[in-house]
Each structure stands twice: as C-alpha cells, then as structure tokens.
Amino acid sequence: MVKVKLPGGIEKTYRENTTVEQVAKDLGESCYDKAVAGKTNGTLVDLSFPLTKDTSLSVITEDTPEGLDILRHSAAHIMAQAVQRLFPGAELGIGPTIENGFYYDFRLDRPLTQEDLEKIEAEMSKIIKENLAFERQLLRCEEAIKKMGEIRQPFKVELLKDMEEEEAISLYRQGEFLDLCRGPHIFATGRLKAFKLLSVAGAYWRGKETNPMLQRIYGTAFFNREDLERYIQLLEEAKRRDHRKLGKELQLYSFREDCGPGLVLWHPKGARIRNVIERFWCDEHYKRGYEIVYSPHIAKASLWHTSGHWDFYRQSMFAPFELETSQYLVKPMNCPFAILIFKSETISYRDLPIRLAELGTVYRYERSGVLHGLLRVRGFTQDDAHIFCTPSQLEGEVIGVLELAQYMLSSFGFREYEMELAIRGKGEKDKYIGSDKNWEAAETALKRALEYKHLPFVVGEGEAKFYGPSIDIRIKDALGRGWQGPTIQVDFNLPERFDVNYVGPDGKEHKVVMIHRTVLGAMERFLGCLIEHYAGAFPLWIAPTQVKVLTIKETHADYANSVKASLQEKGLRVQCDLRNTTIGYKIREGRMEKVPYLLIIGDKEVEQGSVSLRSREKGDEGSLSTDALLVRLEREIKEKL
RNA sequence: GCUGCUGUGGCUCAGGGGUAGAGCGCGUCCUUGGUAAGGACGAGGUCAUGGGUUCAAAUCCCAUCAGCAGCUCCA
C-alpha cells in the first residue's frame, strides 16, 4: 500500500502501482474528466504513472496553465508526426511549448508553404482521430542514441550526446512516431480537440547563427474550440492595434523607401503627440532637479575612441567620414557629450548630484532583419539623462529614477511591465570592466533601490552591460512582445576613460559615479507602444486633435470658427470641418480619426450660443455651453484621463 | 545578417504572357443635409528597381531594394 497526500491536506492509501488516472477517478467524475497529468513530489508525470511509494500528488487538470502546457507539448508531437508522414525523411529539431502555443523545428528538403500547413493540419486531424496512445519508455542513453540513429534523427543524437550523464532517457511513442521527450503527455492523441498552425519561419539549430537553419512551424492548441476562437480573435484584435497600421491610418508617421529603412518621418499629427509628451517630460525633469542640455548629432571620432564605443560597438555605428583633417562619426549615444559638459568646470562634492537630461537623437546601424516599425529603428531620440554623483548618493539617485520612471509609465496608462536586474555573469569576470568592489556596490545599490520601492523583479545573471549592472524595464506591444523601455545603468567605465572627477571634502579628486538612464526608453519605441496601448484612441491630453467642430450647413461656418478660436485660445488642439457634406459623413470621419470630442454646430446651437457634444466614448451627449465644455475638457486634460 | 513570404494609382486590394481594374481618398459640379458613408462626372499607375527568357513581360526566371513572420543580435 502507498500513502498519497492530496491537496487540501487529504491523505489516502492506495494499492501499490495504482496509477494517477485511477486516483483521479477515485477523486470524482469531474476531476477525472479534466485530468491531464499528475504531479508527484513536484514532478509532472503521465496519467499512466504508477505510484510505487508514499508521495504527495496533485492531479493536473485542463483548467491549469500546466495542463494547457502539456496539451500543447503533445500537439507539437502530433504535428511532428504529421510532418514525418507527409515528408518522409524529415529531421526533427526541438519542439517545445511557448507562451501562447508551441513550435517544432524541422530540416526538410524544400521550403514549406501555406498550403503545406493546411495539409499538415489535415494529417494532424487524422492522427487525432486514430486516437493513438502516448507511450513512455525509458532507455539508457546509448540505447537511445542507437535508436535515434536508426530512425535517422541526427539532431536528436546530438542532443542525446549532451545528456550522457543522465541515468535514463525517456522517449515517447504514439503510433509509428517516436520522439525524445521528458514528458508528460496527454493520454492519447484524441484528447487534442482544438489546434491551429499559425506560421512558418526559419530558426537556427540550437539558436546559433553558425548552425544550419531549420524550418520552424508555430501553432497553438487549446482544450476546446471556444478558447481557440478567443485566441484567434485576440490575434486579430492585436492586428487592429498594430502601430504600423494605425500609424498609417491616423497619419502619424511614415517610412519612405527613398528616405531609408528605419528612419522615421514624423507627420504633423504624430509630431503633435510627440511634442505633448516631450513637453510633459521636460517639465517633469525640471521639477525633479534635472537640467536639460542639447548636443550635436556628429562629433570627432576621437571622442568615440576615448569612450570605447569604437572598440566595443563599431559594427553598430554608421561609417566615419572625413571633414577637414579629422574623422567624424554620427553619434550612437549621448553620454560623451554629457561628460564633456560636466567636465567643462571643476565640480565640488557640494554640487553633486548633477543630472543632465537630453532628448538626444542617436543613430545606430541595426541589422536589416531586426527593424520593426517604430519599435526598432536606426535613428531615434532617447529620453536620456546622465547623473553624476558620489558613491554614497547612488542608491538614492536610483530610487529617484525608479520613481520618475514609474510616474511616467503610469501617466500613460502603462500598468504592466517587467523589471529585470541585470547583473554580471558568474565566472566570466574578464567580460566586465571595473573592480569587484565597484560592481558589488552598484549591484547592491540597484537591488536595494528595487526592494525599497517594493518592485517585483527578476535577476538576469550575465545580462549586465560590460561597464556596469542595470535595471531594465520592458513594456509590451499589442502582441505581448516585450520591448526594453526605461533603463537605469550604472557605469564605471566612462568616468575612468574620460577621467571624470569631483573635488571631495578632503580637497582631493575622486571619480564620479555615473548613471545612464531613460524613463521612456526612446521616443520612437515609446510612441509605438503607446499607439498600441491605446489602440490609436489617445486620451484627451495626448490626442493630436482634441476637438473637431462640425457644421451642418455652410452658414454655420462663422460660429464654428468662433468656437474653435475660443477653445484654441485655451490651448486646445481644435480643427473645423466646414465642408459641404452631410453631418453623418463628417461624424464618421471624426470617429475614424478617433478624435475624443466632436462638436456639432447647427441652427439651434448658433441661436443658443451652445455646442452639441459627441464624445468618442459615449456618443451623443446633447447640448451645453462653450464655457461648460471648457471646464470639462480642462479638467480631463489636467487629470490625464 | 539568415530562412520563408510579399511588393499593382495616396490607402486597402483583385487580376495576370498580348501593352491595366475595384472600393476608399482626391478634384469639379449638383445636393443644404441634425449624430458612423447623398448623387454625378473626372484626374491619377512606365504594375518596387535592374537584368534575362519571349514575336510579345505587370504576369515567367535571376539579382537588387523595401516590407512582413521568425531566428540571431540589441553595447
């Protein structure tokens, strides 16, 4: 007999070799129907797993993330089986689950097409109908290698050769298909009810650029069709929110082939949004004790030799050019300029911290395949700042930056973001510059600042830049892809290289500590995420056009213009639509432009000296006076609603 | 950079070896309209660029450029 500890403190005894499935059945019909796998002493196991000793056990059901993960993993196997049936000789790479689905990598003798995906889906449906059981088998490593060699799976053999210390290798078989896999899996292929293959893309074997490129098929799976439908709708909603689509529709910005890839042209409406944000940004920085500076777009190459960028970053810089007798470079970073400003006079410890902020436009030669709308470009404006302080001021400054970053993000309605503390990798100290003492001090300061602010974060070991640790904040786009926005980096490198000092109380020179930081990231990337975040429907304080005045007849033009003038006088961004067309048409256009407020002007309004208000959120709200409207709008702007 | 797909008027897209189509937008005119599209007429494209195959290329082939999905990269 074995004792089984179940969730909720229940303990039961079963005969030895009772399976997880039998326990689930014993726990009741509803548990059994939804059971996918089990978890004994923290390890996931198949439903067919026999209990041989006392253990804790929980049944993994359909409605848990783990259950879904198992289903998707099995879906990946079923897909691989289908591919092997349709493409005999296909070599398998790996096939894991990912956040919203799964993928599997294959080496095939020809590229896959969209039609192939449909055929593979059809074959998968057949396999599901066959309801093949997933059978687990344990082999010694050399046996597994032999087996994978026999069925001509060189990638699997390669994987196995790295697993030689492991005692036993588990393989899973369903029908004629055999795969190396840790498991667990669903009981049989028939359990998969709802799946869809989404796309094909190239992927390097084991993620290494020098390895052969395999074909990766992405797909997703759910326990029922409704969930799958919901997910597909989510993808479509994401497409609607895509900043590249909205940017065009709302005439915010463009890229032109004759201008160059990754180089943004900001159209008037996009520029208005950017201007609102930048003004807000400047005000907030002055309030918090920053000074704002400007620096040139090009500088002598020697500056970048001193900074070390030429040595470490050259491949991402635009080529140097000669002017008079000197080499010049387009700047990829703003930091050297801040340093030169700092160094332009002798600084006492009494002057510190000095915070120099700059909306600095930098140019980086990003590889062609990585460009992505506004989110990854070749010319962009960092909302940069460099803080020069003493070691003892470091932690307090980091806290100040965290507060500012949080305030900025929350002002734009970003509630969800991920924080990472990027620290040195262990055992590769030569990759980093600076003393152990400095690193430890900086890592501690960053960590303590995060803890002080009670911010959840993950530690990214080995993710630090060569010159110092950092806190990186990732914000998400419509598809949930994370993009690095705000970042706080401690730097020991540049103060050394540029010999940046202050005079201490002892009258001697000391090295400053330098913090590089952004609180939005870059204007381009931030705007891109912002467009998707609001799906183009910007809150009043950001909207490029805040109010549109629509006339019913041409005779209302004078009154409409006077309404516009009185709103404009209060700083509102107002447009009139005086065209000779129907009111329905003008409203439709205003709606599609996502203007927060439309004012309809007809005989009634002219007579009463009022406006008829139509809000983006509520529609027709009836008439009110211009003054009452102003009060409402000003409040909404002030509170950034 | 790598793999695959795509590239037709300002936008969205159809077509496809015999020298171009729709809707929206734009212009002119008619209409004077009350909360998501009133009507008529018209202008606008060397079908991304450069080669090749062919009697003939926007259509087939190759290269280049750009975009998209992903991989790699992101100091």
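Predicted, not measured: the structure shown is a model, and the values here were computed from it. Residue numbering restarts at 1 for every chain, and letters A, B, ... go by the order of the sequence lines.
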ask   = Starting at OH of A:Y313 and ending at P of B:C74, how long is that distance when rounded to a whole Å?
value = 9 Å

key: Rounded distance (Å) that lies between atom P of B:G67 and atom NE2 of A:H243   = 12 Å

request  = For A:E118, enumerate each residue passing the side chain to side chain contact (heavy atoms under 4.5 Å, CB included) test, keeping only those at least two apart in sequence or located in another chain.
outcome  = A:Q114

task = Specify the residues of residues 251-261 of chain A, ordered by number, for which at least one heavy atom lies under 4.0 angstrom from an atom of RNA chain B.
result = A:E257, A:P261

query = With no angle test and no hydrogens, is the base of B:G1 tied to the side chain of A:Y365 by a donor-acceptor pair under 3.5 Å?
reply = no

message = Output the rounded distance in Å from CG (A:L375) to C1' (B:G67).
response = 15 Å

task = State whether the distance check finds a donor on one side and an acceptor on the other, under 3.5 Å, for side chain A:R376 versus base B:C73.
result = yes

query = In chain order, what residues pass the salt bridge (Lys or Arg N to Asp or Glu O under 4.0 Å) check against A:D311, with sequence neighbours excluded?
reply = none

ask   = side chain to side chain contact (heavy atoms under 4.5 Å, CB included) with A:K239: which residues, sequence neighbours excluded?
value = none

ask   = Counting only distance, no hydrogens or angles, is the base of B:G1 paired donor-acceptor with the side chain of A:E366 under 3.5 Å?
value = no

key: Residues in side chain to side chain contact (heavy atoms under 4.5 Å, CB included) contact with A:A357, at least two apart in sequence or another chain   = A:W281, A:H285, A:Y290, A:I292, A:A385

Would you give me the side-chain donor-acceptor pairs under 3.5 Å for residues 247-262 of chain A, sequence neighbours excluded?
residue : atom : partner : partner atom : Å
A:E249  : OE2  : A:K245  : NZ           : 3.2
A:Y253  : OH   : A:H243  : O            : 3.2
A:S254  : OG   : A:H267  : NE2          : 3.3

ask   = Given B:A69, is OP1 or OP2 found less than 4.0 Å from the side-chain N or O atoms of A:H372?
value = yes

ask   = Taking only N and O in the side chain of A:R579, is any of them less than 4.0 Å away from OP1 or OP2 of B:C26?
value = yes

Among B:U72, B:G33, B:C71, the nucleotide that comes nearest once only the side chain of A:I552 is considered = B:G33

Please list every donor-acceptor pair under 3.5 Å in which a side-chain atom of residues 327-334 of chain A meets a protein atom from a residue at least two apart or in another chain.
residue : atom : partner : partner atom : Å
A:K331  : NZ   : A:S295  : OG           : 2.9
A:K331  : NZ   : A:P296  : O            : 3.3
A:K331  : NZ   : A:N334  : OD1          : 2.8
A:N334  : ND2  : A:Q382  : OE1          : 3.2
A:N334  : ND2  : A:D384  : OD2          : 2.9

Report all interatomic pairs (protein N or O, nucleotide N or O of nucleotides 36-40 of chain B) with separations under 3.5 Å.
residue : atom : partner : partner atom : Å
B:A36   : OP2  : A:R614  : NH2          : 2.9
B:A36   : N7   : A:R591  : NE           : 3.3
B:A36   : N6   : A:R591  : NE           : 3.2
B:A36   : N6   : A:R591  : NH2          : 3.0
B:A37   : N7   : A:R588  : NH1          : 3.2
B:A37   : N6   : A:R588  : NH2          : 2.4
B:A37   : N1   : A:R588  : NH2          : 2.7
B:G38   : OP1  : A:T582  : OG1          : 3.3
B:G38   : OP2  : A:T582  : OG1          : 3.1

note = In short, A:W310 meets A:P320 closest at the heavy-atom pair CH2-CG, 3.9 Å

task = Report the residues that fulfil side chain to side chain contact (heavy atoms under 4.5 Å, CB included) with A:R272, sequence neighbours left out, ordered by chain and then residue number.
result = A:P544, A:R573

request  = Using salt bridge (Lys or Arg N to Asp or Glu O under 4.0 Å) as the criterion, list what pairs up with A:E237, not counting sequence neighbours.
outcome  = A:R240, A:R241

task = Would you sketch RNA chain B in dot-bracket for me? Only Watson-Crick or G-U wobble pairs with both distances under 3.5 Å count, crossing pairs as [ ], other-strand pairs as |, the rest as dots.
result = (((((((..((((....[..)))).(((((.......))))).....(((((..]....))))))))))))....

task = Measure across A:E605 and A:S623 and return the closest heavy-atom pair with its distance rounded to 0.1 Å.
result = OE2-OG, 3.5 Å

task = Nearest whole angstrom, please: distance from the P of B:A69 to the CG of A:L117.
result = 16 Å

ask   = Atom CG of A:L246 and atom P of B:U12: how far apart are they, to the nearest Å?
value = 13 Å

request  = Under 4.0 Å between any heavy atoms, over every strand shown, what does A:G602 touch: base, sugar-phosphate, or nothing? Just pick one.
outcome  = base

Table please: side-chain donor-acceptor pairs of residues 88-96 of chain A below 3.5 Å, with sequence neighbours left out.
residue : atom : partner : partner atom : Å
A:E91   : OE1  : A:R107  : NE           : 3.1
A:E91   : OE1  : A:R107  : NH2          : 3.1

task = Send over the distance from A:L371 CG to B:C68 P, rounded to a whole Å.
result = 8 Å

task = Classify the side chain of A:R216 and the base of B:U3 as holding, or not holding, a donor-acceptor pair under 3.5 Å.
result = no

task = Ignoring backbone atoms, test whether A:K245 places a side-chain nitrogen or oxygen under 4.0 Å from the OP1 or OP2 oxygen of B:C11.
result = no

